[in-house]
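Down below is the structure, laid out as structure tokens.
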Amino acid sequence: MKNYFFSISKILLYVAPFCLIIVSSSTLFPFIVGKYVFFRITIGLSLIFFALGVGFGSYSGYSGGKKLLEKLKSPLVIAVSIFVFIFLLAGFLGINPSFSFWSNFERGEGGVQLFFFYIFFLLLTFLFTNEKDWRLLLKIFMVVAVLVILYGVAAGLKYVGMQFDERGSIIGPKDASGKLIESGWLTTFDGYMGGPLSFNLNRFAGSLGNPAYLAPLLLFIIFYAFYLLFTSNSRKTKYFILPLVVFYLFFFWWSQTRGAFLGLIAGVFFFVVYLILSLKGKWRTWSSGALIFLALIGGLLFYFNDSNFVKKIPGSRLFSISLKEDTAQTRLWTWGAAIKGWRDRPVFGWGAENFPAVFDKYFDTRHFNPDASRSETWFDRAHSVFFDYLAETGILGFLSYLSVFIVFYLGFFKYKKHLVSSKEGHQAAKETSKNKFLNSDFNITATNAIFFSLPLAYLAQGAFIFDVTPIYINLFLFLALANFIFREQKLQNEKDVKKTVLDPLIKKALAGFVSVLVIVFVYYGAYLPFKKSQLLIGTMGNIQNGVTVDGFEKIFSSVLDFYSPVGQDESVKQLGSATLGILSGQQNLPREIAEELLKFNMKYFDPIVKSGHGGNFSQNFMTVGQFYLTIGERFNDQNYLNKAIEYYKEGLVYSPRRPQFLYGLMQTYQDKGDFQAAEKIGEEILTYWPNDTKVKQNIEAMKNNK
């Protein structure tokens, strides 16, 4: 008898990938918040229906002639479970357990998100019991990838006909009065968020908002496409899939993401090498020729990346890969901080999401260039899955992460050995691969090559980017698919499994308990964060329209007093930014209003500052220090200047070499007239940034004024 609860649960798993096309313009971080909220709700509902299926459906402990829980004995399932457990444990043992679990608006990761990905993995393992299920899911992912891309295309259409300067700012066309003339497409696609459709002005990001997220997604999708191609029973499949692969590759190229490009190169390299080592005759010759050709073309493009010919190729940024390049240098400096942070907490690390504390403590002064108009000095990720997991989850988390792939390859080679050594198994594999795309033997080998090369491609790109929702969802999907292929056939052949039937009352009680627990998790981890983020974006919109001080406080109180385990720090940060805009921008601001705004801010900043931790925690000292410095300068009040010094010094406790605190201290001491202290700070600044001519001139001027 069909279990309809299980059927609904499976349908929801098919719906989950559509989280990637969600762009919630009504929330802060519109490319992030809507996605994880949709995913958590969908997976939560899927788990509830699965639990109801176990407790109230026509389920007696079996699925397809085997115990459902027998699937949990798979080595790959065990490895993934251990990694997730250590990840969560490291968070609870870290410097800020709450933040490690709930994360923030900007990332939407942390323990709670990984927990939902783990549930996604388990439900796929339990419910997807045949190849038809998996093929449909992979096709859905391919469709989702198309929609992700089409969103970005639609967003770019509104700029059609517009003129841009070198920085990407719109400069025309204009009417006779000098007013910009809006594009005709603007009214249709005005609500879509994204940049213009130009290789020179914009790296394509689709509905993900970041090209560094789009490229890894498409990396997985391209491999899925070839898997479907090599395992399809229809020769006509190639007429559908091959054009799609070209489509994906075009936008992969347009994303101009060098880390993912290296991942693709690694994936193709190991795919072809696998073919060379596994095939014989003409297929080995052709594979060897393809590898030599690709290596020659790629080598020439990288070698001559500075030539005019290569630079004229759209997306030629991909060939400019060098350790001396700015982004490579910043990664190396950040990785150095990660290693130092790991040495402080080697076993379980600092806890998920707490890399900002590591970066603050071991801030590399080379991140800041006093002569540059802008320097990137705030990092909340190490920009490498290896260094992120090492610093945040310690050696145990790092090794458990690597063990997932070790177990995967042990399972892969065991499966391959069984398939090749068994004539019956080899013949069965041929019969299940009726595709006439090339021939049966090649298709079987190419399918194995896909599974062999995809994890290596993921790990290669992961050396330069951190895991996020578009990557996590594909990683857990791939691992569940691999587990199905390595394990499912064995389970289906196990007919002598002892039947263990739980008491119906116990099953129903467990189903009810799981359902309630999921509802609580979804409420706190999805609804409340989404609602708070909506309130915050509405508040920011109202502030821009201009309000009185009373109105300002009332509007911000509505979001700051709204409870959510996610987003308070970011909401307070937005309050601080808005307040600094008022204090700095309104020259005739009365003192009583400035002080009232400061008092209102400190009501919310004080609890965060006193807590001693949080996302980008040291930024709070910078913001509060700026409050007191601005008011102290405006009204020539020594007390406020002293408070600014107090906060800047406290910030230096957490980040001893951070320029925002050092330069802020020097300016504040100068405003106080304490030139000796200002000179001392200036000399310290020059030990970190010796070429700062402005500081040198400032010190010289103070010496002359003595």
Side-chain angles (χ1 to χ4, degrees), residues 106 165-169 201 203 210-212 256-259 305-306 317 320-341 355-384 387 391 464-466 573 577 580 584 616-623 625-626 629-630 644 647-649 651-670 678-702:
E106 183 177 6
D165 60 18
E166 294 181 353
R167 296 182 178 180
S169 300
L201 297 176
R203 292 169 58 197
N210 190 329
Q256 301 181 55
T257 303
R258 286 173 287 198
N305 67 83
D306 286 331
R317 176 182 185 271
S320 301
I321 299 177
S322 171
L323 291 178
K324 296 181 180 180
E325 202 267 343
D326 289 345
T327 55
Q329 287 291 303
T330 57
R331 276 172 168 75
L332 291 173
W333 303 333
T334 307
W335 297 347
I339 292 174
K340 292 175 182 177
F355 185 76
V358 178
F359 186 78
D360 274 343
K361 184 175 181 179
Y362 296 107
F363 178 79
D364 192 309
T365 57
R366 290 172 290 183
H367 281 287
F368 177 70
N369 181 357
D371 295 326
S373 59
R374 181 177 180 272
S375 296
E376 184 62 58
T377 61
W378 305 97
F379 279 68
D380 65 350
R381 293 290 190 276
H383 287 76
S384 167
F387 291 103
F464 307 97
I465 190 65
F466 45 88
K573 180 181 177 181
S577 297
L580 284 174
S584 302
N616 285 322
F617 174 66
S618 64
Q619 288 189 22
N620 297 298
F621 294 106
M622 180 189 70
T623 302
Q626 287 178 316
L629 174 59
T630 303
Y647 279 99
Y648 285 139
K649 284 185 174 181
L652 286 173
V653 172
Y654 293 90
S655 189
R657 293 174 295 278
R658 183 161 288 285
Q660 288 85 351
F661 302 139
L662 292 170
Y663 282 84
L665 269 176
M666 182 178 177
Q667 181 181 345
T668 310
Y669 279 128
Q670 282 185 276
E679 285 180 36
K680 184 178 179 181
I681 296 296
E683 295 294 344
E684 183 177 355
I685 289 173
L686 291 178
T687 62
Y688 302 134
W689 302 283
N691 296 323
D692 192 330
T693 55
K694 291 183 179 179
V695 170
K696 290 179 180 179
Q697 292 170 359
N698 216 350
I699 292 175
E700 189 64 29
M702 286 188 289

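Since this is a predicted model, take the numbers as computed values, not measurements.
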**Fill in**
Minimal heavy-atom distance between V358 and A337, with the atoms involved, is CG1-O, 3.3 Å
**Message:** Between Y663 and D692, do the side chains contain a donor N or O and an acceptor N or O under 3.5 Å apart?
**Reply:** yes
**Prompt:** Between the main-chain N or O of F368 and the side-chain N or O of S375, is there a donor-acceptor pair closer than 3.5 Å?
**Reply:** no
**Prompt:** With no hydrogens and no angle check, is any side-chain donor or acceptor of K694 less than 3.5 Å from a backbone partner on D371?
**Reply:** no
**Message:** Please verify the inter-ring angle class for F621 with Y647; under 30° counts as parallel, over 60° as perpendicular, anything in between as tilted.
**Reply:** tilted
**Item:** Heavy-atom side-chain contact between F387 and T334 under 4.5 Å
**Value:** no
**Item:** Aromatic centroids of H383 and F466 separated by under 6.0 Å
**Value:** yes
**Request:** Could you verify whether a donor N or O on one side chain and an acceptor N or O on the other, from T330 and E376, lie under 3.5 Å apart?
**Result:** no
**Prompt:** Would you find more than 12 non-hydrogen atoms of other residues, nucleotides or ligands less than 6.0 Å from K649 atom NZ?
**Reply:** no
**Asked** Are any of the side-chain heavy atoms of Y648 and L662 separated by less than 4.5 Å?
**Response** no
**Prompt:** Should the pair F359 and F363 be assigned to parallel (<30°), tilted (30 to 60°) or perpendicular (>60°) ring geometry?
**Reply:** perpendicular
**Prompt:** Counting N and O atoms only, with roles assigned by atom type, does the side chain of W335 sit under 3.5 Å from a partner on the main chain of A382, one being a donor and the other an acceptor?
**Reply:** yes
**Request:** Compare every heavy atom of R657 with every heavy atom of W689, then report the nearest pair and how far apart it is.
**Result:** CH2-O, 3.6 Å
**Prompt:** Are any of the side-chain heavy atoms of M622 and W378 separated by less than 4.5 Å?
**Reply:** yes
**Prompt:** With no hydrogens and no angle check, is any side-chain donor or acceptor of R658 less than 3.5 Å from a backbone partner on T377?
**Reply:** yes
**Message:** On a heavy-atom basis, which atom in F355 and which in A338 lie closest, and how many Å separate them?
**Reply:** CE1-CB, 3.7 Å
**Message:** With a 3.5 Å distance limit and no angle check, can you tell me whether S577 reaches the backbone of K573 through a side-chain donor-acceptor pair?
**Reply:** yes
**Request:** Can you see which heavy atom on P690 is nearest to which on K696, and at what distance?
**Result:** O-CE, 2.8 Å
**Asked** What closest approach, in Å, do S655 and F661 show between heavy atoms, and which atom pair accounts for it?
**Response** O-CD1, 4.1 Å
**Item:** 4.5 Å side-chain heavy-atom contact, I699 and M666
**Value:** yes
**Asked** In terms of side-chain heavy atoms, does T257 have a donor or acceptor partner in R203 at a distance below 3.5 Å?
**Response** yes
**Non-hydrogen atoms of W333 and H367 that approach each other most closely** = CB-NE2, 3.6 Å
